[in-house]
Q: 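The structure is given below, and queries will be raised subsequently.
Predicted, not measured: the structure shown is a model, and the values here were computed from it. Along the sequence shown, residues are numbered consecutively beginning with 1.
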Amino acid sequence: MQFARRAEMITPSSTLAITAKANELKASGFDVIGLGAGQPDFNTPEFIIDAATEAAQAGHTKYTPSAGLPELKDAIIKKLKRDQGFDYERNQIIVGNGAKHVLYLLFQALLNPSDEVIIPAPYWVSYTEQVKLAGGVPITIETSERDHFKITVADLEKAVTAKTKAVLINSPSNPTGMIYSKEELEPIAEFCVKHDLVIISDEIYEKLVYNGNRFFSIAQLSESVKAQTVVVNGVSKSHSMTGWRIGYAAADAALIQAMTNIASHSTSNPASVSQYAAIAAYNGPQESIETMRQAFEQRLNTIYPRLVNLPGVTCVKPQGAFYLFPNIRPLSDACGFSCVTDWVKALLDEEKVAVVPGAGFGMPDYIRLSYATSLDNLEKALDRIEHFIKEHTK
């Protein structure tokens with residue numbers, strides 16, 4: 001059997017792969033500490049679960065409109081007005097099966113063959129693959145720790161071509177946790193407006209910001225910038241609802257309609273009960289977000305000093321999300337490994353600690369560690385990593 005070229009050119013998700021390997025070891029009875037998964041370790045708040053249960057018992061288990069329930073669109077519109085001061089109409093909102101699905105629909109609706117999308121590296125592992133699936137070409141800009149992994153207009157000037165269709169900004173970032181300030185976003189937005197480029201603003205970690213840092217959406221800069229921006233977000237990270245699979249995009253009505261048409265012939269609609277849960281999440285009490293945010297902040301501030309004290313490790317302190325993204329290449333070399341990926345595999349095999357190699361994020365000298373697990377687990381993981389280092393540098 002011969003497969004389509006699009007299937008053969010796609011690289012499997014490294015984050016899901018490492019999680020699957022860790023789960024396999026756990027199932028075999030090993031005490032594995034997983035620092036690979038990109039999801040909060042808190043359960044979904046009870047009032048959201050109750051709303052889903054009530055919806056199911058009331059018979060809300062049928063097909064819904066492809067772009068989402070009107071009531072959920074209204075809840076999203078209220079959320080966007082409440083948090084960023086945005087004004088959107090229902091025809092400017094699409095709800096999908098998670099923010100990942102929304103991004104997939106966006107690229108399918110936006111890109112023609114050979115259209116280019118500028119993506120800062122390191123990047124979330126699915127961006128480049130989704131662009132390729134849509135026939136587009138991902139153009140990555142490699143950033144550095146020195147610049148806190150952020151792009152500038154000078155970088156964009158070097159990357160832009162006649163085929164450039166869009167620029168993607170992820171703030172707070174997966175995997176670095178970096179946040180673009182208003183002042184940093186202003187010249188980027190001006191550049192995109194000047195070159196008539198679509199701005200894709202992935203804001204899924206918007207609520208998870210620490211140590212006095214603040215989130216600012218590029219679409220808040222002006223109406224002209226907002227008109228060219230696709231805001232992507234969802235309940236997965238903010239309300240610990242990764243498995244419910246509800247994300248959304250807010251954008252130009254014509255683009256939203258094109259995305260809706262594609263959704264209607266692929267997934268039909270997001271799960272009905274999950275949509276009612278998301279309505280409760282956005283319209284209900286928001287205290288659980290702050291409780292979770294404070295826990296992540298404590299973990300970050302506790303574990304970060306231990307990480308950067310490891311020999312041969314450098315790491316810019318994250319401002320948001322729930323990941324650490326250290327450069328461990330000198331450490332990997334000192335341990336006798338030919339590459340960081342081999343170091344990661346050996347760490348899982350020998351110490352049963354699962355982290356994600358940076359190659360999948362476009363930065364092979366780095367690893368990503370999630371601190372979306374208990375402080376006790378994080379401390380034990382660092383203990384094991386320290387033991388691993390000692391064993392390999394004797």
Q: With the threshold set at 4.0 Å, does a side-chain nitrogen-carboxylate oxygen contact exist between Asp202 and Lys100?
A: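 Salt bridge flag = no for Lys100 with Asp202.
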Q: Hey, are the side chains of Ile119 and Val167 touching, using non-hydrogen atoms and a 4.5 Å cut-off?
A: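 Sidechains of Val167 and Ile119: no contact.
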Q: Taking all atoms of both residues into account, what is the closest heavy-atom pair of Leu221 and Val225, and its distance?
A: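 Scanning both residues, the minimum pair turns out to be CB-CG2, 4.3 Å.
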Q: Under a 3.5 Å cutoff, is there a donor and acceptor pairing between the side chains of Thr53 and Asp50?
A: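 Checked: Thr53/Asp50 side chains show no N/O donor-acceptor pair below 3.5 Å.
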Q: Can you get from Leu208 to Ile179 by hopping between Ile, Leu, Val, Met, Phe, Trp and Tyr side chains that sit under 4.5 Å apart?
A: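 No.
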Q: Using the ring of each side chain (for Trp, its six-membered ring), is Trp124 parallel, tilted or perpendicular to Tyr127, with breaks at 30° and 60°?
A: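 Trp124 vs Tyr127 ring planes: perpendicular.
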Q: Compute whether any side-chain donor of one residue and acceptor of the other, for Ser173 and Thr176, lie under 3.5 angstrom apart.
A: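 Checked: Ser173/Thr176 side chains pair up, N/O donor to acceptor below 3.5 Å.
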Q: Less than 4.0 Å between a side-chain N and a carboxylate O, is that true for Glu190 and Lys194?
A: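 Between Glu190 and Lys194 there is no salt bridge, as every charged N stays at least 4.0 Å from the carboxylate O atoms.
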Q: Write down the atom of Arg368, the atom of Pro175, and the distance for their closest heavy-atom approach.
A: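 In this case the closest contact between Arg368 and Pro175 is CD-CB, 3.5 Å.
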Q: Taking all non-hydrogen atoms of both residues, which atom of Arg329 and which atom of Asn327 are closest, and how far apart?
A: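 Result for this residue pair: N-OD1, 3.0 Å.
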Q: Tell me whether Tyr304 contacts the main-chain N or O of Cys315 through its side chain, where contact means a donor paired with an acceptor under 3.5 Å.
A: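 It does hold such a pair.
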Q: Does the side chain of Tyr123 pick up a donor-acceptor pair with the side chain of Asn174 at under 3.5 Å?
A: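 Tyr123 vs Asn174: no donor-acceptor pair found between side chains.
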Q: In terms of side-chain heavy atoms, does Gln92 have a donor or acceptor partner in Asp252 at a distance below 3.5 Å?
A: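 On atom types as modelled, these side chains do not qualify, holding no pair under 3.5 Å.
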Q: Does any donor atom in the side chain of Asn261 or Gln257 lie under 3.5 Å from an acceptor atom in the other side chain?
A: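 Yes, a side-chain donor-acceptor pair sits under 3.5 Å.
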Q: Any heavy-atom pair between the side chains of Met178 and Lys150 that's under 4.5 Å?
A: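 Lys150 vs Met178: side chains touch.
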Q: Walk me through it: do Glu206 and Asn233 pass the test side chain to side chain donor-acceptor pair (under 3.5 Å)?
A: CA-CA 8 Å; Glu206 162 208 4; Asn233 208 329; 2.8 Å; yes
Q: Is it the case that the side chains of Gln286 and Glu290 hold a donor-acceptor pair, with the cut-off being a distance below 3.5 Å and no angle test?
A: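 Gln286 and Glu290 do not have a side-chain donor-acceptor pair below 3.5 Å.
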Q: Do the ring planes of Phe296 and Phe322 sit parallel (below 30°), tilted (30 to 60°) or perpendicular (above 60°)?
A: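 Answer is tilted, since the angle falls between 30° and 60°.
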Q: What heavy-atom pair brings Gly68 and Val95 nearest, and what distance separates the two atoms?
A: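 Closest approach of Gly68 to Val95: CA-CB, 4.0 Å.
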Q: When you compare the side chain of Ile218 with that of Thr229, does any pair of heavy atoms fall below 4.5 Å?
A: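 Thr229 reaches Ile218 side chain to side chain.
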Q: Can you find a side-chain donor-acceptor pair between Glu145 and Thr314 that sits under 3.5 Å?
A: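 Looking only at side-chain atoms, Thr314 and Glu145 do form a donor-acceptor pair, the distance falling under 3.5 Å.
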Q: Is any side-chain heavy atom of Glu203 closer than 4.5 Å to one of Val232?
A: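 Val232 does not reach Glu203 side chain to side chain.
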Q: Would you kindly say whether Tyr210 and Gln298 are connected by a side-chain donor-acceptor distance under 3.5 Å?
A: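 No, no side-chain donor-acceptor contact under 3.5 Å.
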Q: May I ask you to say whether Arg306 pairs ionically with Asp383, meaning some side-chain N is under 4.0 Å from a carboxylate O?
A: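 Salt bridge flag = yes for Asp383 with Arg306.
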Q: Does Arg82 CZ have over 12 foreign heavy atoms under 6.0 Å away?
A: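 For Arg82, atom CZ is crowded (more than 12 foreign heavy atoms under 6.0 Å).
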Q: What are the two closest heavy atoms between Val344 and Val355, and how far apart are they?
A: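 Smallest interatomic distance, heavy atoms only, reads CG1-O, 3.3 Å.
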Q: Between Ser217 and Phe86, is there a side-chain heavy-atom distance shorter than 4.5 Å?
A: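 Side-chain contact under 4.5 Å: yes.
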Q: If you compare all heavy atoms of Val102 against all heavy atoms of Met259, which two are closest, and at what distance to 0.1 Å?
A: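 Answer, listing the atom of Val102 first, then Met259: O-CE, 3.5 Å.
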Q: Can you say whether the rings of Tyr205 and Tyr323 are parallel (under 30°), tilted (30 to 60°) or perpendicular (over 60°)?
A: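 Perpendicular, since the angle between the ring planes exceeds 60°.
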Q: Taking atom types as modelled, find out whether Gln275 and Glu71 have a side-chain donor-acceptor pair closer than 3.5 angstrom.
A: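 Short answer, no.
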Q: So does Ala121 get a backbone contact from the side chain of Thr143, meaning a donor-acceptor N/O pair under 3.5 Å?
A: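 Yes: the side chain of Thr143 pairs with the backbone of Ala121.
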Q: Any non-hydrogen side-chain atom of Leu80 less than 4.5 Å from a side-chain atom of Ile93?
A: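 The answer is yes; the side chains approach within 4.5 Å.
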Q: Tell me if a side-chain donor or acceptor on Lys352 pairs with a main-chain N or O of Asp349 at a distance below 3.5 Å.
A: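 Pair found, side chain donor or acceptor close to backbone of Asp349.
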Q: Between Glu54 and His60, do the side chains contain an N or O donor and an N or O acceptor separated by less than 3.5 Å?
A: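 Side-chain D/A pair, Glu54 to His60: absent.
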Q: Look at the side chain of Glu350 and the backbone N and O of Lys345, then say whether any donor-acceptor pair between them is shorter than 3.5 Å.
A: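 Not a single qualifying donor-acceptor pair exists.
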Q: If only atom types and distance count, is the side chain of Gln228 paired as donor or acceptor with the main-chain N or O of Leu197 below 3.5 Å?
A: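 Side chain of Gln228 to backbone of Leu197: a pair is present.
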Q: Do Pro172 and Phe215 have side chains that get closer than 4.5 Å, going by heavy atoms?
A: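 Counting from C-beta outward, Pro172 and Phe215 do come under 4.5 Å.
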Q: Using 4.0 Å as the upper bound for N to carboxylate O, is an ion pair formed by Asp31 and Lys26?
A: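 No, Lys26 and Asp31 are not salt-bridged.
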Q: Find out whether Tyr248 and Lys79 are in side-chain contact, i.e. whether some heavy atom of one side chain is under 4.5 Å from a heavy atom of the other.
A: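 Yes, at least one pair of side-chain atoms sits under 4.5 Å.
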